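The block underneath contains the structure these notes are about, expressed in structure tokens.
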Protein chains: 2
Amino acid sequence: MTDVNLNILDEEPQLCESSDRTAYPPALALEKAQRMADFFGLLADANRLRIISLLADTELCVGDLSIALEMSDSAVSHQLKTLRALRLVRYRKQGRHVFYQLLDRHVFDLYNTVLEHLDESAIE
Amino acid sequence: MTDVNLNILDEEPQLCESSDRTAYPPALALEKAQRMADFFGLLADANRLRIISLLADTELCVGDLSIALEMSDSAVSHQLKTLRALRLVRYRKQGRHVFYQLLDRHVFDLYNTVLEHLDESAIE
DNA sequence: TTAATGCATGAACAGATATTCATGTGTTAT
DNA sequence: ATAACACATGAATATCTGTTCATGCATTAA
């Protein structure tokens, strides 16, 4: 209880201020990190997640989504625009309706992974 | 090639504007969606991802991180504050240094999942 | 043809967030 | 004791982002 260093790996570099940046383990490249961040950012909006959850199971048009999610048509449409831009959804036009469907299953896998994670451990 | 409805499931409800919200499949509850969004939001910042990538392999102090990532001490410290608030990192004080280490492996799993995903498919 | 519907979109606005800057606290070195 | 160092933090700032509002376009209904 007194030894705070108890469970720490002892082979840690302990560089501490070598001031030579190359002495440190290579960090994730900023550009790649930014692309990952953008990807996670897609899932970092509650309404977008709810749209994804619906479009994963069912093909729905904009009006359907706005009713089911109690959002405005415009808000839904804007969200779908971003999902479209990243090819996460496909859509087909039928008359004056536009039906959307989730295209990228990988995104849905991630969605489910985190959903289960939050169920077991209250992340807060 | 002419049938746009080719690969669409035919048992789709096609509700379209039933105007009864309960007629639609239940959307992810807004509160839960928000918690998921917050979780993804944690990973939606390039510098935070780079911090996570370093702390997953190595125990480092604030100064180390700021040098390795070419960020200001203050910016790093602020980021660590948010990671700390969510119990994603542990830290131990040693003299005037504070060493940080990634605590939540689940986050790192997600990190790696997306990292690999971006490697194979250029998401843009 | 005219009106109404479904959707898209640009601009404006509001809220969130990451960084910098200034400052404070505690520790080590001189 | 005094100075330098490592880190934390509040405030201010700038940027990003999601929604609303107004409008436009295409399609269907009257």
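All heavy atoms count here, side chains included; hydrogens, waters and symmetry mates do not. In what follows, every chain begins at residue 1, and chains take the letters A, B, ... in the order their sequences are listed. Quick caveat: nothing in here was measured; it's all calculated off a predicted structure.
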Using whole Å, what does the distance between atom [atom2] of nucleotide [N] and atom [atom1] of [X] come to?
X     : N      : atom1 : atom2 : result
B:L69 : C:dT20 : CG    : P     : 13 Å
A:D73 : D:dT19 : CG    : P     : 13 Å
B:F99 : D:dA6  : CZ    : P     : 11 Å
A:L42 : D:dC16 : CG    : P     : 16 Å
A:F40 : C:dT17 : CZ    : C1'   : 18 Å
B:I51 : D:dC7  : CD1   : C1'   : 14 Å
B:L80 : D:dA6  : CG    : P     : 16 Å
A:Q94 : C:dC7  : CD    : C1'   : 15 Å

- Task: May I ask you to verify whether the side chain of A:S72 and the base of D:dC21 hold a donor-acceptor pair under 3.5 Å?
- Result: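 Answer is no: no donor-acceptor pair is held.
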
- Checking only heavy atoms, does the side chain of B:S74 share a donor-acceptor pair with the base of D:dC7 at less than 3.5 Å?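 Answer no: no donor N or O sits under 3.5 Å from an acceptor.
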
N or O in side chain of [X] less than 4.0 angstrom from [N] OP1/OP2:
X     : N      : answer
A:Q79 : D:dT19 : yes
A:K81 : C:dT9  : yes
B:N47 : C:dA18 : no
B:R84 : D:dA8  : yes
B:H97 : C:dT27 : no

- Message: Walk me through whether A:Q34 and A:D38 qualify under side-chain hydrogen bond (donor to acceptor under 3.5 Å, both in side chains).
- Response: CA-CA 6 Å; A:Q34 189 57 60; A:D38 291 342; 3.1 Å; yes

- Query: How would you label the contact of A:Y100 with the nucleic acid (heavy atoms, under 4.0 Å): base, sugar-phosphate, or nothing?
  - Reply: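 Contact class for A:Y100: sugar-phosphate only.
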
What nucleotide, of [options], holds the atom closest to the side chain of [X]?
X     : options                : answer
B:S77 : D:dA8, C:dC7, D:dA6    : D:dA8
A:A75 : D:dT19, C:dA18, D:dT28 : D:dT19
B:H78 : D:dT27, C:dC21, D:dC7  : C:dC21
A:D45 : D:dC5, C:dT20, D:dG18  : D:dG18
B:R96 : C:dA8, D:dC7, C:dA29   : C:dA29

- Message: Could you check whether any side-chain heavy atom of B:V114 comes within less than 4.5 Å of a side-chain heavy atom of A:F40, counting everything from C-beta outward?
- Response: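 Of all side-chain heavy-atom pairs linking A:F40 with B:V114, at least one is under 4.5 Å.
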
[X], [Y]: one ILVMFWY side-chain cluster at the under-4.5 Å cut-off?
X      : Y      : value
A:L55  : A:L86  : yes
A:L103 : A:F39  : no
A:F108 : A:Y100 : yes

- Ignoring hydrogens and angles, tell me if any N or O in the side chain of A:S77 forms a donor-acceptor pair with the backbone of A:S74 under 3.5 Å.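 Side chain of A:S77 to backbone of A:S74, a donor-acceptor pair under 3.5 Å: no, none is there.
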
- Message: Judged by each residue's nearest nucleotide on DNA chain C, which is more toward the 5′ side, B:M71 or A:Y91?
- Response: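 By nearest-heavy-atom nucleotide position, the 5'-most residue is A:Y91.
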
